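Let me begin by presenting the structure, written as structure tokens, before commenting on it.
First the proteins, then the strands, lettered A, B, ... as listed; each starts at 1. Note that this is a predicted model, so its numbers are computed, not measured.
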Protein chains: 2
Amino acid sequence: MPNAPDVLFRTLADPTRRALFERLCREGEKTVGALTARAGVSQPVVSKHLGILKQAGLVRDRHEGRQTHYSAQLGALAPLVDWTSEMAGFWQNRFNDLEDLLKRMDQ
Amino acid sequence: MPNAPDVLFRTLADPTRRALFERLCREGEKTVGALTARAGVSQPVVSKHLGILKQAGLVRDRHEGRQTHYSAQLGALAPLVDWTSEMAGFWQNRFNDLEDLLKRMDQ
DNA sequence: ACAGCGCATAGCCTATCGGCTATGCATCAA
DNA sequence: TTGATGCATAGCCGATAGGCTATGCGCTGT
């Protein structure tokens with residue numbers, strides 16, 4: 001059972017998939033057909049990628065007749081932000097430690 | 001020529017590689033041997049991953065005798081933060097647009 | 001009822017990737 | 001000088017991932 005950042009990194013690593021997510025962020029809800037039209041890949045591929053994005057919690061789908069509308073779930077990016085902040089935090093702590101060390105050496 | 005977030009996502013997508021980067025963030029500079037000791041994979045694999053991390057600008061190396069010390073370059077995470085902010089921004093704009101629409105409809 | 005449309009699923013093929021072992025190359029110690 | 005150590009490189013291999021076509025299935029409209 002991989003943790004959240006792992007799933008997000010793996011899901012967003014593929015350019016085609018990330019492009020789909022970006023379009024949903026920029027342009028809002030879209031049908032599979034609308035997404036396929038400008039995706040540069042076939043419709044089954046788009047459906048597959050959308051399924052993976054959905055599994056990662058990055059999009060939700062809404063069925064309306066024979067169409068499926070997808071939209072971005074921006075909250076799902078939170079673990080990514082957390083991870084980045086955490087890494088930056090460690091960096092900051094090490095910097096503080098260094099400062100402390102220098103201070104102690106100065107005395 | 002892939003753009004910056006693409007390289008970062010692809011580089012950080014692999015768990016082993018991301019674990020190496022995390023250790024360098026948490027614990028600071030480490031030699032290849034020290035990293036290999038707890039990486040769970042062979043030394044050549046560690047070297048390979050460090051090379052990929054270096055290419056992505058996420059780490060730098062410092063040669064000292066026959067050892068190579070690697071350390072995290074946290075600034076390289078900036079494009080990731082930018083990308084996330086951009087996506088969040090689009091979300092916010094769409095939300096504002098919706099508010100405007102509702103306001104106009106209300107009149 | 002039936003033909004067409006929108007999307008999902010199945011199955012296949014190829015390329016890439018992440019792991020390994022073997023080896024090379026420099027540096028340090030004896 | 002010679003053997004050992006630390007890391008990088010080369011070459012191989014199986015698994016996975018992302019693309020395709022073919023097909024299934026439910027909804028729509030005639």
- [ ] Let me see the working for A:Arg18 and A:Asp14 under salt bridge (Lys or Arg N to Asp or Glu O under 4.0 Å), right down to the final yes or no.
- [x] CA-CA 6 Å; A:Arg18 198 174 59 258; A:Asp14 180 69; over 6 Å; no
Task: Stepwise side chain to side chain contact (heavy atoms under 4.5 Å, CB included) test for B:Ser47 and B:Val32 - done: CA-CA 7 Å; B:Ser47 279; B:Val32 176; 3.9 Å; yes
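Rounded to an integer number of Å, the gap from NZ of B:Lys48 to C1' of C:dG18 is 6 Å. Atoms CG (A:Asp61) and C1' (C:dG6) sit 14 Å apart, rounded to a whole Å. Rounded to whole angstrom, the span from the NZ atom of A:Lys54 across to the P atom of C:dC7 amounts to 14 Å. Taking atom NE2 of A:His63 as the reference point, atom P of C:dA8 lies 7 Å away to the nearest angstrom. The separation between A:Arg62 atom CZ and C:dG6 atom P is 17 Å, rounded to whole Å. Rounded to whole Å, the distance from NE2 on B:His49 to P on C:dC17 is 12 Å. In this structure, A:Phe9 atom CZ and C:dG18 atom P are separated by 15 Å, rounded to whole Å. Here the C1' atom of nucleotide C:dG24 and the CD atom of B:Gln43 are 12 Å apart, to the nearest Å.
Atoms CD and CG, from B:Gln73 and B:Leu58 in turn, are 9.0 Å apart once rounded to the nearest 0.5 Å. Annotation: the span from B:Leu53 atom CG to B:Leu12 atom CG amounts to 7.0 Å, rounded to 0.5 Å. Atom CD of A:Glu22 is separated from atom CE of B:Met87 by 4.0 Å, given to the nearest 0.5 angstrom. With values rounded to the nearest 0.5 angstrom, B:Lys30 atom NZ is found 7.5 Å from B:Leu35 atom CG.
Between chain B and DNA chain D, the heavy-atom contact criterion of under 4.0 Å yields a 5' to 3' nucleotide range of D:dA4 to D:dT9.
Residues B:Val81 and B:Val59 do not share a hydrophobic cluster, defined by chaining ILVMFWY side chains whose heavy atoms lie under 4.5 Å apart.
For A:Arg62 (side chain) and A:His69 (main-chain N/O), no donor-acceptor pair under 3.5 Å exists by modelled atom type.
Residue contacts shown for B:Thr16 are limited to sugar-phosphate atoms, with no base heavy atom under 4.0 Å away. Counting any heavy atom pair closer than 4.0 Å across all strands shown, B:Thr31 reaches sugar-phosphate atoms only and no base atom. Residue A:Val32 is classed as a sugar-phosphate contact, given heavy-atom separations below 4.0 Å to backbone atoms only.
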Open item on the list: Treating primed atoms plus P, OP1 and OP2 as sugar-phosphate and everything else as base, which nucleotides of nucleotides 25-30 of chain C get B, S or - for protein heavy atoms under 4.0 Å?
Closed with: --BB--
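Sequence order on DNA chain D of the closest nucleotides to B:Tyr70 and A:Gly40 puts B:Tyr70 first from the 5' end.
Under the side-chain contact (heavy atoms from CB on, under 4.5 Å) rule, B:Phe21 has a single partner from B:Leu74, B:Thr11, B:Leu50, which is B:Leu74.
Distances shown here put a side-chain N or O of B:Ser42 below 4.0 Å from the OP1 or OP2 atom of C:dC20.
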